[in-house]
Amino acid sequence: MTLLLGSALVSAAVLLFILQPVVKGLHASLDRQEDELTDTEARKRVALLALRDVEYDFLAGKLDEVDYRSLKAELTAEALAALEADEESRGTVASDQDDDLEAEITSMRASLRGGLACAGCGFENEEGSRFCSACGQDLPVGAVG
Amino acid sequence: MTILGEYALWIALPVAIWGMALGFTGGRTQRGDLVLSAERSIYAVFFLLVLASAGIVAAFLGDKFEYLYVAGYSNREMEFFYKVTGLWAGQRGSLLFWALILSFFSSICVFQNRKKHREFMPYVAAVLQTVLAFFLIVLLFADVNPFERMAFTPANGRGLNPQLQNYWMTIHPPTLYLGFTAFTIPFAFAVAALLNGRLDARWIQLTRRWILVSWLFLSVGIIFGMQWAYRELGWGGYWFWDPVENASLLPWLTATAFLHSIQIQEKRGMLKVWNMSLVLLTFLLTIFATFLTRSGLIESVHSFAEDLKIAFIFLGFLGSVLAGCVVLILYRLPKLRSENRIESFVSRESAFLFNNLLFLGAAFAVFWGTIFPLVAEGVTGQKISVGPPFFEKVNFPIGLALLTLAGVGPVIAWRRATKRNLQKNFQIPIGVGLLVALTLWVMGARHGLALVTWSICAFVVTVIATEFWKGTRARARIKGEGYAVALYHLVTRNRRRWGGYIVHVAMVMIYFGFAGAAYNVDVRKHMLPGDQLEVVSPFGHTYTLTYEGLSVSIGKGQRNLLWQAIATVSVEKDGVRQDFLTTEKRQYVTSAQLMTEVGVASTIQEDLYLILAALDDVDGVIAADSQAQGIDLQVLVKPFVSWIWFGGLMLALGTIIALWPNADPRRAAVRPEPEPEAEATPAPAMAGAAD
């Protein structure tokens with residue numbers, strides 16, 4: 001008798017528990033939450049991290065100067081694209097105040113936009129250069145001014 | 001209580017099926033109520049399985065021998081501890097226990113994600129319930145119901161297999177099960193990602209910690225199993241390429257490959273199909289491992305299964321999961337394209353890729369060697385066994401290549417490494433490796449394979465120590481911290497990276513111990529009380545062993561013991577007296593075979609391992625005949641074995657460091673803390689610092 005009662009109680013409790021949402025119309029959210037990372041944000045993070053890795057590799061002596069510069073230019077361009085995609089998706093400028101990396105990116109972005117990085121090889125040229133110091137290609141006029 | 005448990009098992013199945021159906025439908029139709037119900041069904045199944053397991057434990061404690069399972073694995077005399085662990089002592093109970101752990105992990109996963117990652121959760125819940133439903137079907141319909149009753153109630157049970165009445169054996173299976181089942185969570189997220197089409201690196205980042213937890217338990221479980229074999233089986237080794245050992249190694253190999261290859265997907269957006277395949281493969285192998293262990297398909301010390309119905313259910317499940325996932329991957333192929341490609345053959349990406357191929361190669365060899373006897377038996381009708389020589393021949397070179405990569409990977413640059421840099425980074429470690437080999441050669445070591453292994457070990461340790469040194473030094477310089485503080489901060493700022501390096505060091509220690517086997521000494525001698533035996537250790541010192549005599553005690557039924565004969569041996573090392581060692585033969589009620597208990601004296605340098613190989617006159621021993629004292633004593637000297645166990649501890653430490661939660665979970669999920677060097681110095685200054 002106790003057994004029967006126990007079993008009935010267990011099944012009733014389980015049934016009630018799993019059927020309640022359907023019967024009462026309780027809904028679980030199925031959307032991404034506000035405070036979660038978005039795809040573009042995640043992509044941006046990864047791009048920034050890759051940039052850090054290159055710095056680390058260079059500092060640890062794993063990359064030599066030429067490779068470091070060209071890799072860095074490539075990665076900066078990628079990070080920049082990711083950054084802009086992220087800003088676009090959020091409609092605001094990224095505001096990770098604590099991030100010195102963001103500042104780094106912003107300065108790189110300025111230099112990229114200023115045409116200092118060679119479009120051909122990615123080498124970052126001194127301000128005022130007319131030709132790329134690495135491959136000799138013409139640099140955009142903007143760089144001269 | 002027990003009947004209520006049985007009842008709970010029966011209602012768990014429809015609840016799991018309900019959850020599976022609602023999870024899939026809810027995800028498809030985006031109906032929150034269905035999804036909530038599916039998620040709740042996971043908690044409900046956990047609750048029901050707790051009831052069922054409690055029912056079994058109650059039956060053990062209450063000596064309810066009308067239950068076939070209880071009668072088979074317990075008796076009145078068994079200690080309380082072994083009655084509780086009886087839940088996973090045999091096939092039936094351990095399948096229930098497996099389901100219990102899986103539902104426990106599933107509940108944690110659903111609870112953790114009740115407010116996060118919601119777009120994955122409907123399918124995650126559905127997949128988890130599918131796997132649970134499968135195990136419930138096995139339990140209820142494959143003649144392995146732990147609640148099965150017999151027509152009569154025996155007066156006493158058969159008791160637990162004495163070899164399993166051992167500390168290691170009670171913790172080894174649950175640890176492995178924790179590892180196996182935890183891997184279901186990453187698998188569920190992977191399938192969810194395939195279903196909802198969010199195939200970026202997020203599903204990996206979300207499950208990273210689960211993957212590490214699973215890997216930790218798998219690794220530790222395997223090492224516990226080795227300990228058990230070493231201490232309990234009494235043949236002097238820790239690994240015999242037994243099918244069940246192999247079964248636990250297989251998912252470990254693919255999971256390790258996966259742990260490495262996900263880093264490329266996160267960093268470079270490559271190898272997406274590969275990672276999907278690896279997570280699927282590892283999951284299938286965890287199920288395959290249970291199948292192999294629990295179906296009795298292969299005869300081995302571990303297999304204790306009854307019939308083949310269960311085999312067909314398992315194979316059916318494995319087949320349908322494989323087919324389903326392959327279809328899903330093919331369907332999502334366009335979304336799984338690589339975002340980048342490998343730029344240079346000499347880069348960290350290609351080192352990772354090479355590592356993966358090696359792990360997969362090893363897994364394939366082990367898999368083939370394990371199932372080949374079955375296939376051959378099916379085709380030719382003759383049973384062939386594939387012994388250790390095959391596995392060793394294939395896996396030694398692969399293992400050494402992997403060990404080498406454990407040193408190459410951390411230093412080689414991402415994307416492409418130049419010749420000059422390779423020289424700069426590897427000159428010293430290679431030099432150290434060669435120096436170690438040379439020194440050992442001069443000291444008289446002549447075993448080629450061991451020399452190569454130790455030399456590579458030295459190489460890897462040098463690489464990793466240099467990494468730690470460089471990082472600590474840079475941090476100490478930049479931040480003005482003391483070296484100890486700098487090291488602490490270095491590790492805590494990027495636990496994943498440095499934790500990983502510690503695991504690499506742990507693997508070096510384990511290999512170091514493995515290679516010691518090349519210098520094993522193995523002597524067997526017939527002895528009478530007072531006889532002496534001299535054994536020379538490979539390190540040059542001499543053990544003088546004196547056989548003191550045999551003492552016999554007749555068991556009182558405790559733990560099923562009939563009698564035990566204990567040989568006492570006094571040990572002198574270069575004339576200095578050491579502790580006595582004992583080694584025993586035991587006779588249990590449950591088995592006609594005599595069991596051996598070994599005596600081990602372990603130091604960091606070597607283990608002295610005594611085996612009572614044979615008794616001259618068994619009947620005389622039981623009758624306590626003073627003339628029946630002659631024995632065969634087998635003495636092994638095994639260099640560096642304890643390094644394997646220390647390596648296991650180190651491995652656990654490194655993994656725990658890697659998965660320790662960071663302060664801010666939201667950031668930690670995606671972005672490990674920046675490297676201290678890069679963090680403190682702006683880019684231009686850095687160029688100067690390196691010059």
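Residue numbers start from 1 in every chain, and the chains themselves are labelled A, B, ... in the order their sequence lines are given, proteins ahead of strands.
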> Using a cut-off of under 4.5 Å for heavy-atom pairs, which of A/Leu15, A/Leu75, A/Val23 has the most such pairs with chain B?
Replying inline: A/Leu75

> How many angstroms lie between atom CG of B/Asp33 and atom NZ of A/Lys24, to the nearest 0.5 angstrom?
Replying inline: 14.0 Å

>> Tell me the closest heavy-atom pair linking A/Val14 and B/Ala44, and the distance in Å.
In response: CG1-CB, 4.0 Å

>> Taking side chain as everything from C-beta outward and backbone as N, CA, C, O, which of these in B/Phe120 sits under 4.5 Å from a heavy atom of chain A? Side chain, backbone, both or neither.
In response: neither

> Any side-chain heavy atom of A/Phe17 sitting closer than 4.5 Å to one from B/Val15?
Replying inline: no

>> Out of A/Ser11, A/Gly25, A/Ala13, return the one with the most heavy atom pairs under 4.5 angstrom to chain B.
In response: A/Ser11

> Below 4.5 Å, heavy atoms only, C-beta onward: do A/Val22 and B/Leu22 meet side chain to side chain?
Replying inline: yes

>> Quick check on B/Ile11 against chain A: is it the side chain, the backbone, both or neither that has a heavy atom closer than 4.5 Å?
In response: side chain

> Looking at A/Leu19, A/Ile18, A/Leu3, which one has more heavy-atom pairs under 4.5 Å with chain B than the rest?
Replying inline: A/Ile18

>> Does B/Arg28 have more than 12 heavy atoms from other residues, nucleotides or ligands lying within 6.0 Å of its CZ?
In response: no

>> Counting only non-hydrogen atoms closer than 4.5 Å, does A/Leu4 touch chain B with its backbone (N, CA, C, O), its side chain (CB onward), both, or neither?
In response: neither

